[in-house]
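Take a look at the structure set out below.
All of these numbers come straight from a predicted model, not from anything done at the bench. Order of appearance sets the numbers: ligands from 1, and atoms from 1 within every ligand.
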Amino acid sequence: MSVTKQVARGRLGAVLCRVLALLALVVACSPEGDSYVWALPEGFPEPRVPEDNPMSDAKVELGRHLFYDVRLSGNQTQSCASCHFQELAFTDALPVSVGSTGESTPRGAMSLVNVAYTPTLTWASPVLRHLEQQALVPMFGESPVELGLAGLEDELLARLRAEPRYAELFPSAFPDEDDPVSLDAVTKALAAFQRSLISADAPWDRYEAGDTSAVSEAARRGGEFFFSEAGECFHCHGGFLFSSSVDHAGNVFDQATFQNNGLYDVDGRGAYPATNTGLYEHTAEPRDMGRFKPPTLRNVALTAPYMHDGSLATLDDVLDHYAAGGTVTTEGPNAGDGRTSPNKSLFVHGFTLDEGLRADLHAFLEALTDEGVRTNPRFSDPWLRPLGE
Ligand code: HEC
Ligand code: HEC
């Protein structure tokens, strides 16, 4: 555990804090000993944090325990981590996820890495804007059932109260509460843990920071194409998040955005399959048909299959999709030509993908993988270790 993390803990922390201050070491610790230090690399702004849920190490630690705890499902078979695996950058390798009672979700699990910076949550909701609020969806949602906790709120809190670790973790995360074990505390701690999932140490980051040996020649060429007007990728996947839908502390513009990248056209007028119409599902505006949030491409090599419904199995399929200017579905209920959809963004216009460019784009997308995401112990399952390690 890091020194700063230890000092943030309780009375021992306060004592250590004074000792360290005497030694004139630069450690950030408030008089209460609970200030949170973001491990932010160059170029990363501070995430926006709701005023009523400030970050603290104790809250992140509680959130980590809850994230990996199967008590959070009705039948105690699933936790958040059952669909958001650390080694897969918090996705689950399935086209669409399967909930605790066997029901499929209409869409695939999304990476939670750098989720602190996304202004809207899930593939296409314009209204889910806070992680505190979003956590209630997998917990209590009934269509589809994911964790299956509807009607079991008291049972959930009783289970949590019965776990010895939580007798320590809840009060240290919420020291001002008389009864710290509450649903409000659960969603706040889950949100704090998810905001702590910052990743910015991909080879491409090191290259941008000046280490020219961090990526191959091929990756550099792929990056040039990605950021060019020929590739157009950067319009929707640009910036430090590799998504144009971005937010951070101090940002004054609403940069939430939803785009149609030509995946389907089932009726010749741009319709998407009825189960997944994107932003249209929320607005009923015809122009919003098939518009989804451009996902971050950080760690994208770990997050197959791709798109909201997992319909593109590999990165090669994705490259073929963009090179063709959309996807043609030849048979079945979703048959149609996404390339000619009237709703498609003009930035998805196709390009010639020879084997050289394919290899270059592959190398570039692979250079966005931060291996630390998979190995960082602070992101991992805490139940496998003694408390505090
Ligand atoms: C059954 C599988 C499953 C479980 C369990 C699950 N998720 Fe998810 N998660 C998904 C799917 C599928 C999506 C995409 C949902 C959509 O677009 O409607 C998602 C999306 C998200 C997002 C949005 C990310 C973004 O970039 O917009 C967050 C945040 C999230 N989940 C957090 C959680 C938390 C916290 C838990 C536990 C309380 C949890 N999930 C449990 C499958 C799951
Ligand atoms: C007009 C905006 C736009 C442009 C331009 C664009 N994308 Fe996308 N991208 C999206 C959207 C929106 C999605 C999600 C679509 C969906 O799920 O239906 C997406 C999804 C992806 C995915 C899948 C990610 C995942 O987690 O499933 C990859 C990979 C990707 N794009 C790469 C690229 C590359 C490479 C380029 C350039 C050749 C590019 N994109 C250009 C908007 C865009």
Side-chain angles (χ1 to χ4, degrees), residues 63 66-67 69 72-73 78-84 89-92 94 96-101 103-115 117-125 128 131 134-141 144-149 186-187 190-191 193-194 222 225-226 228 230-238 242-245 257-264 272 276 278 281 290-297 299-301 303-312 315 317-319 321-323 327 338 344-351 353 361 364-365 368:
L66 293 166
F67 187 88
D69 191 345
L72 259 72
S73 57
Q78 271 196 348
S79 66
C80 308
S82 305
C83 300
H84 297 285
F90 294 95
T91 59
D92 66 1
L94 296 171
V96 296
S97 302
V98 181
S100 58
T101 56
E103 206 175 321
S104 290
T105 59
R107 291 171 288 279
M110 306 176 80
S111 173
L112 303 181
V113 176
N114 296 327
V115 73
Y117 296 106
T118 186
T120 60
L121 295 158
T122 71
W123 282 102
S125 169
L128 269 179
L131 288 163
Q134 193 280 333
L136 297 170
V137 178
M139 289 170 75
F140 296 100
V145 171
E146 291 175 82
L147 295 170
L149 282 171
V186 168
T187 57
L190 281 169
F193 170 63
Q194 293 180 85
F225 183 82
F226 184 92
S228 74
E232 314 275 23
C233 317
F234 73 99
H235 293 289
C236 303
H237 299 289
F242 291 87
S243 168
S244 54
S245 187
T257 177
F258 301 90
Q259 302 286 337
N260 179 315
N261 70 351
L263 202 55
Y264 294 105
Y272 266 45
N276 279 315
E281 186 183 328
R291 289 173 72 185
F292 291 84
K293 176 171 80 170
T296 176
L297 298 188
N299 306 299
V300 72
T303 66
Y306 300 105
M307 305 298 164
H308 65 273
D309 58 357
S311 55
L312 301 185
L315 281 179
D317 294 341
V318 173
L319 295 178
H321 160 87
Y322 282 111
T327 286
K344 189 185 79 169
S345 162
L346 296 176
F347 287 129
V348 181
H349 51 54
F351 50 85
L353 183 67
L361 279 168
F364 168 71
L365 293 170
L368 302 180

* To do: Show your reasoning for whether side chain to side chain donor-acceptor pair (under 3.5 Å) applies to Tyr322 and Asn261.
  => CA-CA 8 Å; Tyr322 282 111; Asn261 70 351; 2.9 Å; yes

Using only atom types and a distance under 3.5 Å, with no angle test, would you say the side chain of [X] pairs donor to acceptor with the backbone of [Y]?
| X | Y | answer |
| --- | --- | --- |
| Tyr306 | Val300 | yes |
| Lys293 | Thr120 | yes |
| Ser228 | Gly231 | yes |
| Ser73 | Ser100 | no |
| Thr118 | Val115 | no |
| Ser244 | Gly238 | no |
| Ser111 | Ala89 | yes |
| Ser245 | Pro294 | no |
| Asn276 | Pro106 | yes |

Please state whether [X] comes within less than 4.0 angstrom of ligand 1, counting heavy atoms only.
| X | result |
| --- | --- |
| Gly108 | yes |
| Leu128 | no |
| Ser125 | no |

Which of the atoms in ligand 2, numbered in the order shown and given with their element, are less than 4.0 Å from a heavy-atom of [X]?
| X | value |
| --- | --- |
| Val300 | 29 (C) |
| Leu263 | 18 (O) |
| Phe351 | 38 (C) |
| Ser345 | 1 (C) |
| Phe347 | 5 (C) |
| Gly231 | 37 (C), 38 (C) |

Identity and distance of the protein heavy atom lying nearest [atom]:
| atom | value |
| --- | --- |
| atom 16 (C) of ligand 1 | Arg107 NE, 3.2 Å |
| atom 18 (O) of ligand 2 | His308 ND1, 2.7 Å |
| atom 35 (C) of ligand 1 | Gln194 NE2, 3.3 Å |
| atom 5 (C) of ligand 2 | Glu232 O, 3.5 Å |
| atom 25 (C) of ligand 2 | Tyr306 CD2, 3.7 Å |
| atom 27 (O) of ligand 2 | Met307 N, 2.8 Å |
| atom 26 (O) of ligand 1 | Lys293 NZ, 3.2 Å |

* **Min heavy-atom dist Trp123 to ligand 2 below 4.0 Å** => yes

* Using non-hydrogen atoms of the residue, decide whether Phe234 is closer than 4.0 angstrom to ligand 2. => no

Is ligand 1 under 4.0 Å from a heavy atom in the side chain of [X], in the backbone, in both, or in neither?
| X | result |
| --- | --- |
| Thr122 | both |
| Leu131 | side chain |
| Thr296 | neither |
| Ser73 | neither |

Could you tell me which atoms of ligand 1, counted from 1 in the order shown, lie closer than 4.0 angstrom to a heavy atom of [X]?
| X | value |
| --- | --- |
| Gln78 | 1 (C), 5 (C) |
| Leu147 | 5 (C), 37 (C), 38 (C) |
| Thr105 | 12 (C) |
| Ser79 | 5 (C) |
| Val98 | 1 (C) |
| Gly99 | 1 (C) |

Nearest 0.5 Å, please: how far is [atom2] in [Y] from [atom1] in [X]?
| X | Y | atom1 | atom2 | answer |
| --- | --- | --- | --- | --- |
| Cys83 | Leu94 | SG | CG | 8.0 Å |
| Leu136 | Leu131 | CG | CG | 11.5 Å |
| Glu146 | Cys80 | CD | SG | 10.0 Å |
| Thr327 | Met307 | OG1 | CE | 7.0 Å |
| Thr303 | Leu315 | OG1 | CG | 7.5 Å |

* To do: With sequence neighbours left out, write down each residue that passes ring-ring contact (aromatic ring centres under 6.0 Å, His included) with Phe225, or none if nothing qualifies.
  => Phe351

* Atoms of the protein (N/O/S only) found under 2.8 Å from atom 8 (Fe) of ligand 2 -> His237 NE2, Tyr322 OH

* **Min side-chain heavy-atom separation Phe67-Leu112 under 4.5 Å** => yes

* Is there side-chain contact between Pro144 and Thr105, with heavy atoms separated by less than 4.5 Å? -> yes

* Partners passing salt bridge (charged side-chain N to carboxylate O under 4.0 Å, His left out) against Asp309 (at least two apart in sequence or in another chain) -> none

* To do: Please work out which of the three classes, parallel, tilted or perpendicular, describes the rings of His308 and Phe292, given edges at 30° and 60°.
  => parallel

* To do: Might you point out which heavy atoms bring Val98 and Ser104 nearest each other, and give the distance in Å?
  => CG2-OG, 4.2 Å

* Asked: For the ring pair Phe242 and His237, is the centre-to-centre distance below 6.0 Å?
  -> no

* **Near-ring test Phe226/Phe364, centroid separation under 6.0 angstrom** => yes

* Structure fact -> Under 2.8 Å from atom 8 (Fe) of ligand 1, the protein N, O or S atoms found are His84 NE2

